[in-house]
Undergrad: 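To start, I am sharing the structure in question, which I have written as structure tokens.
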Amino acid sequence: MDGLHSHPRTMRRVVMARTTAKQTHTWRSIVDTYTKAERNGWAYKTDTKTEFLRDPTVDATVVLRVATALRDKPKAESKKQEGSWRNPFLPYDENLWCCDLSDTHVLLLNKFNVVPHHTLVVTKEFKSQEDPLESTDVEALWATLQCYPSGALAFFNSGPHSGKSQPHKHVQVIPLPLAEGMSQLPFQNLLEQAWIEAANEGEGAHEDGVFFTAKALPFVNFACKLNALMSTSQVHHQYRALLDKTALQVDANPLSYNLLLTTEWMMAVPRRQESAGPVSVNALGFAGTFLLRSEEEISYIRNLGFLAVLQVVGMPWPSSNGK
Ligand code: B4P
């Protein structure tokens, strides 16, 4: 997200929201809960080594997090089949509670984190992960996104092929940058270029709210610009428009898609598969970061390339032949 502000071709104004007391309180609650959870073994941090993988065709470098220890963590689906599954968010583990975000949502620390301060915006009552985000969901996640002092990325995995494992509605939030020293998200320049082109083609100047698609990426995506001063209802309205576009691409019910957003843009990606070979991909793949659990997975993504992996689990543009 920093990239949109620092890129020399960027013509948009810098829109910064002031940090409010509520945001400061939310951030402190995340840090305190994380510190206590780490100290007491209430959450599990997966040690990873960070590697980078570049694709010169799109001039993008993604972040590989190699986490071999995750091999032993049972996936929720297999636990469900074994009959031992229970909803981890109802009731939630009180040690992981950061704060109440509203009457309808709590903020929980992710129990199985790869990066520190990874949180989950969770509905207090059971709602399905396959239901669209409501304005109360957007209100809670928009407030959470804005409390991270260095910026954050929210993501939502919805539908059977989206990489989700828990059926109770939750949006996840991780801090930025994705890796130390990274000044912007891996596909940031591609998104920005697509936005500038879309804005130039349309009547409006470079206004937030212009919809665009990054055609340089080989998977179907729909995006729009946001800014930190937008209201919840504006963001929700933009989300519904992206969801409608996404639904037109997928002949399946329930719809599988990933949603990614920062305070500066939002992108929806329709999904057709959960994995490419041994590599399972959730929304973070489309943000340009992959969690890899074995040498087999590392070899697979290095040999095939991350764009091909994303095209397999996403959907190719109609004109391409990457079926
Ligand atoms: P889902 O949407 O259902 O699934 P997911 O993100 O793919 O996570 P999954 O659980 O399948 O984990 P995975 O091995 O792929 O989200 C469920 C969320 O609830 C997860 O964040 C899970 O950890 C969390 N959770 C489960 N039980 C909980 C409990 N009792 N209390 C609180 N939270 C609970 O990946 C493992 C983790 O690494 C995930 O958190 C994932 O988001 C994260 N990750 C994956 N790729 C990453 C990357 N490149 N960089 C940083 N983190 C990454």
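Atoms within each ligand, like the ligands themselves, are counted from 1 in listed order. Numbers here are sequence positions counted from 1.
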Undergrad: Suppose I only count heavy atoms of G163 and a 4.0 Å limit; which atoms of ligand 1 are within that range?
TA: 4 (O), 5 (P), 7 (O)

Undergrad: In terms of atom number and element, which parts of ligand 1 are under 4.0 angstrom from non-hydrogen atoms of Q166?
TA: 3 (O), 17 (C)

Undergrad: Consider ligand 1: state whether an atom of it lies below 4.0 angstrom from any non-hydrogen atom of F156.
TA: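 Contact absent.
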
Undergrad: Should one rank T48, L178, N157 by closest heavy-atom distance to atom 2 (O) of ligand 1, which comes out on top?
TA: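 Shortest heavy-atom distance from atom 2 (O) of ligand 1: N157.
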
Undergrad: Tell me whether I174 reaches ligand 1 (any heavy atom closer than 4.0 angstrom to a ligand atom).
TA: no

Undergrad: Atoms of ligand 1 less than 4.0 Å from L109 heavy atoms?
TA: 32 (C), 33 (N)

Undergrad: Where does the angle between the aromatic ring planes of F290 and F306 fall among parallel (under 30°), tilted (30 to 60°) and perpendicular (over 60°)?
TA: tilted

Undergrad: Atoms of ligand 1 less than 4.0 Å from L96 heavy atoms?
TA: 31 (N), 32 (C)

Undergrad: Is L120 close enough to touch ligand 1? Criterion: a residue heavy atom under 4.0 Å from a ligand atom.
TA: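 The answer is yes: ligand 1 sits under 4.0 Å from a heavy atom of L120.
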
Undergrad: Looking at D32 and S29, would you say the former's side chain and the latter's main chain have a donor-acceptor pair under 3.5 Å?
TA: no

Undergrad: Applying the side chain to side chain donor-acceptor pair (under 3.5 Å) criterion to R271, which one of N258, T246, N157 satisfies it?
TA: N258

Undergrad: Of the options T46, T48, T289, D47, which is the one that meets R65 in a side chain to side chain donor-acceptor pair (under 3.5 Å)?
TA: T48

Undergrad: Going by the atom numbers of ligand 1, which of them fall below 4.0 Å from some non-hydrogen atom of R293?
TA: 13 (P), 14 (O), 15 (O), 35 (O)

Undergrad: So is K36 actually on top of W42's ring, under 6.0 Å and inside 45° of the axis?
TA: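 No, a cation-pi geometry is absent between K36 and W42.
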
Undergrad: Around R28, counting heavy atoms of other residues, nucleotides and ligands shown, do more than 12 lie under 6.0 Å from its CZ?
TA: no

Undergrad: For ligand 1, is there an N or O atom under 3.5 Å from any N or O atom of H170?
TA: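 Right, the criterion is met.
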
Undergrad: Do any side-chain atoms of residues 170-181 form donor-acceptor pairs under 3.5 angstrom with protein atoms, and if so which ones, sequence neighbours left out?
TA:
from	atom 1	to	atom 2	distance (Å)
H170	ND1	Q129	OE1	3.3
H170	ND1	H168	O	2.7
Q172	OE1	H118	NE2	2.8

Undergrad: Does ligand 1 have an atom that lies less than 4.0 angstrom from a heavy atom of N110?
TA: yes

Undergrad: Can you name the atoms of ligand 1, numbered from 1 with element, that are less than 4.0 Å from a heavy atom of F155?
TA: 42 (O)

Undergrad: Using only atom types and a distance under 3.5 Å, with no angle test, would you say the side chain of Y148 pairs donor to acceptor with the backbone of H117?
TA: yes

Undergrad: What do we get for L291 next to ligand 1 when only non-hydrogen atoms under 4.0 Å count, side chain, backbone, both or neither?
TA: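 Both the backbone and the side chain of L291 come within reach of ligand 1.
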
Undergrad: Any idea which atoms of ligand 1 are less than 4.0 Å away from a heavy-atom of F290?
TA: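 Near F290, the atoms of ligand 1 are 49 (N).
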
Undergrad: Report the member of S165, S280, P91 with the shortest heavy-atom distance to atom 9 (P) of ligand 1.
TA: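 Nearest option to atom 9 (P) of ligand 1, by heavy atoms: S165.
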
Undergrad: Using heavy-atom distances, let me know which of D93, V114, N282, T289 sits nearest atom 41 (C) of ligand 1.
TA: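 Nearest option to atom 41 (C) of ligand 1, by heavy atoms: N282.
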
Undergrad: Closer than 4.0 Å to some heavy atom of K111 - which atoms of ligand 1 meet that?
TA: 28 (C), 29 (C), 30 (N), 31 (N), 32 (C), 33 (N), 34 (C)

Undergrad: Please test V309 against Y300 for side-chain contact (heavy atoms from CB on, under 4.5 Å), starting from the C-alpha separation and ending with a verdict.
TA: CA-CA 9 Å; V309 165; Y300 190 87; 4.2 Å; yes

Undergrad: Identify whether the distance between the nearest side-chain nitrogen and carboxylate oxygen of E197 and K215 falls below 4.0 Å.
TA: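 Salt bridge absent between E197 and K215.
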
Undergrad: When you check the gap from the basic side-chain N to the acidic O, do E51 and K49 get nearer than 4.0 Å?
TA: yes

